[in-house]
Amino acid sequence: MSSPDPITAFISRQRHLLSLERTADLTRSRLLLTNCPPRQLEKNGLAILGLAVMSVQVGLGGKVLVELGLESGGSSGMFQPNEIRSGDLVKIEGSSSLTVEKSKAAADATPGIEGVVYKANATRVVVALNSDDRDMDAIPERCRLIKVANTITYDRMDKAIDQLEELCFVNGLISAKEGASTPNDITFSPLFRVLLGLQRPSAPDFDDTNVKNIKFFDENLNDSQKEAVRFCLASKEVACIHGPPGTGKTHTLIELIQHLVSAHNRILICGASNLAVDNILERLVSLPTRLNTQTIDFNQICTRIGHPARVLSSPKTLDATLDARAARSDQADLLKDVKKELEGLLGVLTGRKSTSSRGSGSGRGRGNASSRGKTAGGRTGTGSEGKGSKPRGAERKKMWEEVKALRKEHRQRSNQLTSRILSFTPPSSESTNIAEDASSSPVSTLILSPSQIVLATCHSAGTSALAKEEFDVVIVDEATQALEAVTWIPILQASGKRPTKLILAGDPMQLGPTVLSVEKAGDKESRKKMAKVRSSEKGNEVEGSDLEIQDKTPQTATNALKPPHTLETTLFDRLEEMYGVRIKRMLEVQYRMNKRICEFPSQMLYGNKLKSEPAVAERLLSDIVTGEGNKNEEDLNEPVVFYDTSGLEFYDVEEQGEGGGSRYNENEALVVRQWVGRLIEYGIPPSQIAVITPYQAQVTLLTSLLRPLGSIEIGTVDGMQGREKDAVIISLVRSNEKKEVGFLSEKRRLNVAMTRAKRHLCVVGDSSTVARGGKYLAKWMEWLEANAEVRYPELN
Ligand SMILES: Nc1ncnc2c1ncn2[C@@H]1O[C@H](COP(=O)(O)OP(=O)(O)OP(=O)(O)O)[C@@H](O)[C@H]1O
């Protein structure tokens with residue numbers, strides 16, 4: 001049998017790997033849920049216990065939003081640290097103060113109700129229910145929230161792969177297809193040809209007037225940032241920005257977006273995470289409206305799909321959400337009426353409101369639903385906004401029927417409203433107002449559509465609300481953390497009749513996408529190849545580093561499309577492997593770290609090219625303390641300290657019990673507490689200190705030890721990517737006679753941990769164990785011994 005063509009092989013392999021991953025994710029989730037008691041799940045950040053329903057609201061599309069808070073905590077009751085974020089799939093289950101067995105039996109009897117986290121902060125979590133209204137009845141007074149495997153993401157990725165296959169099929173590139181037919185109206189543009197290895201990327205057009213006469217909005221951009229912006233504007237189909245830690249990747253993207261908007265492009269901006277999207281949105285809406293000779297108000301032209309993930313999102317960011325835009329529209333009053341009525345009914349049905357307090361709505365022009373408002377639920381209420389007893393029997397049934405009709409109405413109205421907000425009117429020549437400003441230079445006001453820029457996570461870019469929309473440019477930030485299939489979601493969504501350009505930004509040397517399935521056989525192999533590509537790039541040799549895998553052969557990039565060995569290969573990785581340096585630019589100046597902190601990662605992972613901006617190169621903790629005595633404190637003038645526990649027998653321990661497997665190291669945690677305590681005594685604000693450790697069990701231990709010292713951020717590496725703090729302490733945990741290092745050997749993970757610190761990095765660990773974990777760790781220990789202030793802990 002002849003082997004399949006490259007596109008068919010690529011698509012089949014993606015499908016196969018995605019199905020393995022879906023199974024692995026579901027299995028893990030099922031195992032955790034069946035084997036771990038709720039307390040253990042809470043400890044692992046996968047559950048929030050002791051909850052009660054605080055309110056029931058209605059969101060866009062008639063979705064029922066249930067707000068949960070701590071039953072006993074009042075409005076300030078803080079949840080335990082957890083991994084539950086907006087977009088996660090969760091289950092609301094009943095909980096009681098019964099014994100574990102009895103509560104387990106009770107939970108089994110009521111299987112819970114599923115929903116998607118709409119928004120979450122430290123005290124409240126709002127869940128959009130997936131199910132029928134009637135299921136609301138299943139939400140008990142006391143409940144808990146459990147994170148479950150998110151099958152919706154897999155469904156959307158599968159759909160993207162099916163769509164890609166369909167596109168190739170109708171364009172005669174493959175002869176048969178496996179997937180279901182999902183007709184699409186997309187032109188097979190040069191972007192698709194490049195992504196599938198059918199043509200090389202066209203040479204960037206640096207003679208284009210937009211590029212040649214470019215006037216940077218921020219003249220302080222460094223040369224590598226300017227070059228990256230020019231390169232992205234000049235590239236025809238695709239461009240990648242490689243941004244090592246703190247090199248202003250987002251800063252560069254913001255500059256690029258301003259140029260793209262000035263040139264009237266419509267842009268879909270996506271990120272692998274909500275945080276990445278919010279980061280860009282926050283910076284865009286804070287831009288001055290006057291850009292060179294143009295006035296562009298980013299507050300008017302950015303629409304955010306989904307909800308910001310930050311605990312304290314700025315009002316401007318919240319204003320850009322689709323919900324806020326809908327609430328401000330001229331159709332909002334009608335929608336509010338239906339919403340009020342619905343919320344009133346739901347309040348009564350769930351016993352949180354008395355019958356008389358339900359909103360009836362004015363019913364202006366809404367047809368039948370309004371008149372029903374006063375007739376259903378004809379019980380005598382208390383006349384207050386307080387709780388009432390739940391209606392029963394026929395009355396209850398009738399009210400649910402009413403809820404159903406109102407929800408349908410709400411859904412239809414809000415869908416119409418949403419598509420009106422997201423629909424795009426291209427700017428015409430009349431939409432530019434020219435005026436003279438005070439200095440009498442002409443200023444043009446670019447009047448753009450409210451959805452000139454749409455921002456969403458890659459996953460939520462798959463929403464049907466965007467199905468008819470086309471974009472000139474798709475930007476994917478954190479592209480090196482996104483599975484390739486998830487990156488295809490915005491690409492396919494944005495594409496239509498016009499050609500679309502793709503810009504990917506990320507750092508392949510920091511955390512990649514999380515992959516659970518075991519089929520990673522080619523992993524090491526493909527990384528070796530990638531390293532070859534990177535090392536062969538002009539001036540990017542990695543000297544004496546990483547480095548047995550680096551070789552100095554010239555250009556090894558090839559443009560053949562190959563099926564991925566593993567899901568860990570992102571689209572960014574694959575394009576880099578296929579097209580090499582021709583497809584990307586690297587940012588070379590970092591604005592975060594003291595130069596000593598930056599030295600090791602630069603040598604080992606960035607070919608010695610990462611330079612420190614002079615303004616940060618010498619920064620120390622002593623610069624930010626006020627008392628003169630403290631300024632001279634030796635500890636505050638050390639950028640890198642290494643507490644070596646070698647020989648002290650501070651052994652790590654495996655967590656016991658169901659759901660165990662994580663590790664902790666008590667003595668190491670005590671060393672961390674001592675050091676954090678000392679930094680605080682010197683006057684470093686706790687909010688400027690982060691403690692990072694690879695193990696969840698150590699996070700739990702450190703949280704209990706450090707909480708009394710203030711709001712120190714404590715977490716695993718995963719939550720810290722993209723963040724920075726003045727002082728960072730890394731607790732390595734692993735110390736044992738067998739010299740096992742576990743996933744400490746993942747150098748990209750370690751790279752993220754060690755590049756979060758601005759002024760001070762303290763490493764606590766056992767050099768004799770860690771150095772045995774491979775060449776990279778051995779080199780790091782060697783480097784620390786030679787360059788850090790090495791200390792040996794004394795615990796009292
Ligand atoms: N050209 C520049 N001049 C001055 N400061 C800059 C410049 N470029 C970036 N910065 C600053 O460097 C810091 C890091 O920038 P930014 O957050 O854009 O980096 P990043 O590459 O997105 O970071 P990460 O490592 O989190 O991916 C910010 O404080 C930013 O203001």
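Whatever order the structure lists them in is the order used to number ligands and atoms, beginning at 1.
- Between the side chains of Ser273 and Glu478, at least one donor N or O sits under 3.5 Å from an acceptor N or O.
- Nearest residue to atom 24 (P) of ligand 1 from Gln590, Glu724, Arg592 is Arg592 (criterion: closest heavy atom).
- Around atom 31 (O) of ligand 1, the closest heavy atom drawn from Arg283, Arg723, His251 belongs to His251.
- Formation of a donor-acceptor pair under 3.5 Å by the Arg230 side chain with backbone atoms of Phe206 is not found in this model.
- Neither the backbone nor the side chain of Glu613 has any atom closer than 4.0 Å to an atom of ligand 1 (non-hydrogen atoms only).
- Under the 3.5 Å distance criterion, the side-chain polar atoms of Gln590 are matched with a main-chain donor or acceptor of Met593.
- Not a single heavy atom of Gly243 lies less than 4.0 angstrom from ligand 1.
- The closest protein non-hydrogen atom to atom 22 (O) of ligand 1 is Thr250 OG1, 2.6 Å.
- Nearest protein heavy-atom contact of atom 12 (O) of ligand 1 is Tyr591 CB, 3.0 Å.
- Ligand 1 has an N or O atom lying under 3.5 Å from an N or O atom of Asn220, backbone or side chain.
- Between Phe600 and Tyr776, the distance separating the two ring centers is shorter than 6.0 angstrom.
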Asn274 and Arg304: side-chain contact (heavy atoms from CB on, under 4.5 Å), yes or no, with the steps? CA-CA 10 Å; Asn274 275 300; Arg304 163 80 155 100; 2.9 Å; yes

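- Here the side chain of Asn213 pairs no donor or acceptor atom with the backbone of Asn210 at under 3.5 angstrom.
- Here the closest heavy-atom approach between residue Ala727 and residue Leu679 is recorded as CB-CD1, 4.1 Å.
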Could you go through His251 and Tyr591, starting from their C-alpha distance and side-chain angles, then the distance that decides it, and tell me whether this counts as ring pair (Phe, Tyr, Trp, His ring centres under 6.0 Å)? CA-CA 11 Å; His251 206 82; Tyr591 294 83; 7.2 Å; no

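- With rounding to the nearest 0.5 angstrom, the CE atom of Met509 is 12.0 Å from the CG atom of Leu610.
- Here is the list of ligand 1 atoms found below 4.0 Å of a heavy atom in Gln225: 1 (N), 2 (C), 7 (C), 8 (N), 9 (C).
- At the shortest separation from atom 25 (O) of ligand 1 among protein heavy atoms lies Gly246 N, 2.8 Å.
- The protein non-hydrogen atom at the shortest distance from atom 21 (O) of ligand 1 is Lys249 N, 2.8 Å.
- Checking atom 4 (C) of ligand 1 against the protein gives a heavy-atom contact under 4.0 Å.
- Ligand 1 does not have Glu478 within reach: every non-hydrogen atom of the residue lies 4.0 Å or more from it.
- The ligand atoms of ligand 1 that sit less than 4.0 angstrom from a heavy atom of Pro245 are 25 (O).
- For atom 15 (O) of ligand 1, the closest non-hydrogen atom of the protein is Gly248 CA, 3.4 Å.
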